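In this text the structure is predicted, and so the values were computed from the model without any measurement.
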Amino acid sequence: MNESAMMDKLKGMLTPCRFRHSIGVRDTAIELAKLYGCDAEKARIAGLLHDCAKDIKKQQILQLCDKFDIVLDNISKAEMQLIHGPLGAKIAQHQFGIVDEEILEAVHYHTVAKAEMTTLCKIIYLADFIEPNRDFPGVDKLRRIAYKDLNQAILMAIDNTIRFVLSLGKLIHPNTIDARNYILLYER
């Protein structure tokens, strides 16, 4: 499937706001990929499709997880908004024909991150935070750092996420903690 067909299909799956966000993530991911020596075409596709499962109705999410044999951990069952990453990877594979494992992994982990992320995973995780439509306190600083030091920016994004999730009194996915610890231990 070419990008134009992907965009047409994606437009039918997402709200207009989410579609604009996906375009913003795509474009930001391409910029970061060029800066950090990553495959820009993979970044383009992963950025475009990263939220392809985001607007699926709650009632359908668990049915689709069963269909695609996605095993959910207790945190994801309790915080269902986290499921759109792994479900999105399956939809990217089955409905958009994506077979590249690195792209599918970047879509899968773009919400919670994980230890030992590839550069593409990091780029999609970060692009999701800093694309031009995002507006939250500290986003401009995070954008500046993203174009200077990828790991430092990932740490800032993870720390922001943890603080935000804590402020809501919600559960923090262990993959997010693993990602933070891994970067601090091995990649800083």
Side-chain angles (χ1 to χ4, degrees), residues 1-7 10-11 14 17-54 82 84-86 88-89 92-93 96-164 173 175-188:
M1 182 181 292
N2 66 30
E3 185 176 4
S4 177
M6 283 183 196
M7 289 179 66
L10 198 59
K11 236 182 234 180
L14 301 178
C17 181
R18 181 90 49 216
F19 183 73
R20 276 193 304 279
H21 166 68
S22 295
I23 299 299
V25 172
R26 176 199 67 186
D27 295 346
T28 303
I30 292 168
E31 291 173 7
L32 292 172
K34 289 177 181 173
L35 180 65
Y36 291 109
C38 189
D39 186 317
E41 280 308 305
K42 288 185 181 186
R44 171 188 298 275
I45 295 167
L48 182 63
L49 297 179
H50 81 286
D51 265 352
C52 64
K54 185 74 174 183
L82 299 178
H84 79 275
Q93 180 181 11
F96 290 86
I98 305 301
V99 294
D100 185 293
E101 290 296 326
E102 191 178 12
I103 293 171
L104 296 173
E105 182 181 63
V107 172
H108 183 116
Y109 291 103
H110 83 271
T111 303
V112 297
K114 68 171 195 158
E116 299 182 68
M117 287 191 287
T118 63
T119 302
L120 181 62
C121 265
K122 291 177 183 176
I123 285 171
I124 299 305
Y125 182 83
L126 196 54
D128 190 27
F129 269 86
I130 65 167
E131 63 93 5
N133 298 297
R134 292 287 197 193
D135 185 22
F136 57 87
V139 70
D140 291 331
K141 182 178 180 184
L142 186 55
R143 285 183 182 121
R144 282 193 302 276
I145 292 174
Y147 289 91
K148 291 179 182 171
D149 185 328
L150 185 60
N151 285 333
Q152 187 63 35
I154 292 286
L155 282 173
M156 281 183 67
I158 289 173
D159 286 350
N160 284 346
T161 297
I162 290 171
R163 278 191 289 271
F164 179 70
H173 198 282
N175 282 2
T176 305
I177 303 298
D178 289 345
R180 184 178 188 276
N181 288 342
Y182 188 86
I183 290 173
L184 286 171
L185 285 170
Y186 304 112
E187 295 187 3
R188 203 164 168 190

What's the spacing between [X] [atom1] and [Y] [atom2] if we round to 0.5 Å?
{"X": "Ile103", "Y": "Arg44", "atom1": "CD1", "atom2": "CZ", "value": "11.5 Å"}
{"X": "Leu150", "Y": "Leu155", "atom1": "CG", "atom2": "CG", "value": "10.0 Å"}
{"X": "Leu126", "Y": "His110", "atom1": "CG", "atom2": "NE2", "value": "13.0 Å"}
{"X": "Asp100", "Y": "Lys42", "atom1": "CG", "atom2": "NZ", "value": "4.0 Å"}
{"X": "Lys122", "Y": "Ile183", "atom1": "NZ", "atom2": "CD1", "value": "5.0 Å"}
{"X": "Arg26", "Y": "Met6", "atom1": "CZ", "atom2": "CE", "value": "11.5 Å"}

query = Can you list the steps and then say if Ile130 with Thr28 is a side-chain contact (heavy atoms from CB on, under 4.5 Å)?
reply = CA-CA 8 Å; Ile130 65 167; Thr28 303; 3.8 Å; yes
Taking all heavy atoms of [X] and all of [Y], pick out the closest pair and write down the distance.
{"X": "Ile123", "Y": "Cys38", "answer": "CD1-CB, 3.8 Å"}
{"X": "Asn151", "Y": "Glu187", "answer": "ND2-O, 3.0 Å"}
{"X": "Cys121", "Y": "Ala106", "answer": "SG-CA, 3.6 Å"}
{"X": "Arg20", "Y": "Asn133", "answer": "O-ND2, 3.4 Å"}
{"X": "Lys114", "Y": "Ala179", "answer": "O-CB, 3.2 Å"}
{"X": "Ala153", "Y": "Ala146", "answer": "CB-CA, 3.6 Å"}

Side chains of [X] and [Y]: closer than 4.5 Å at any heavy-atom pair?
{"X": "Glu131", "Y": "Ile23", "result": "no"}
{"X": "His21", "Y": "Val25", "result": "yes"}
{"X": "Leu10", "Y": "Asp51", "result": "no"}
{"X": "Leu120", "Y": "Glu105", "result": "no"}

request  = Step by step, work out the side-chain contact (heavy atoms from CB on, under 4.5 Å) result for Asp159 and Arg180.
outcome  = CA-CA 8 Å; Asp159 286 350; Arg180 184 178 188 276; 2.4 Å; yes
query = Can you tell which of Val112, Thr111, Leu82 makes a side-chain contact (heavy atoms from CB on, under 4.5 Å) with Asn175?
reply =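 So, applying the side-chain contact (heavy atoms from CB on, under 4.5 Å) to Asn175 and each of Val112, Thr111, Leu82, only Val112 qualifies.
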Contacts of type ring-ring contact (aromatic ring centres under 6.0 Å, His included), residue His173, not counting sequence neighbours =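 Result, ring-ring contact (aromatic ring centres under 6.0 Å, His included) vs His173: none returned.
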task = Mind running side-chain contact (heavy atoms from CB on, under 4.5 Å) on Ile124 and Val107 for me, showing each step along the way?
result = CA-CA 8 Å; Ile124 299 305; Val107 172; 5.9 Å; no
Working for side-chain contact (heavy atoms from CB on, under 4.5 Å), residues Asp39 and Glu102 = CA-CA 10 Å; Asp39 186 317; Glu102 191 178 12; 5.8 Å; no
request  = Sorted by first residue and then second, give each ring-ring contact (aromatic ring centres under 6.0 Å, His included) pair with at least one member in residues 127-160; sequence neighbours left out.
outcome  =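 Qualifying pairs: Tyr125-Phe129.
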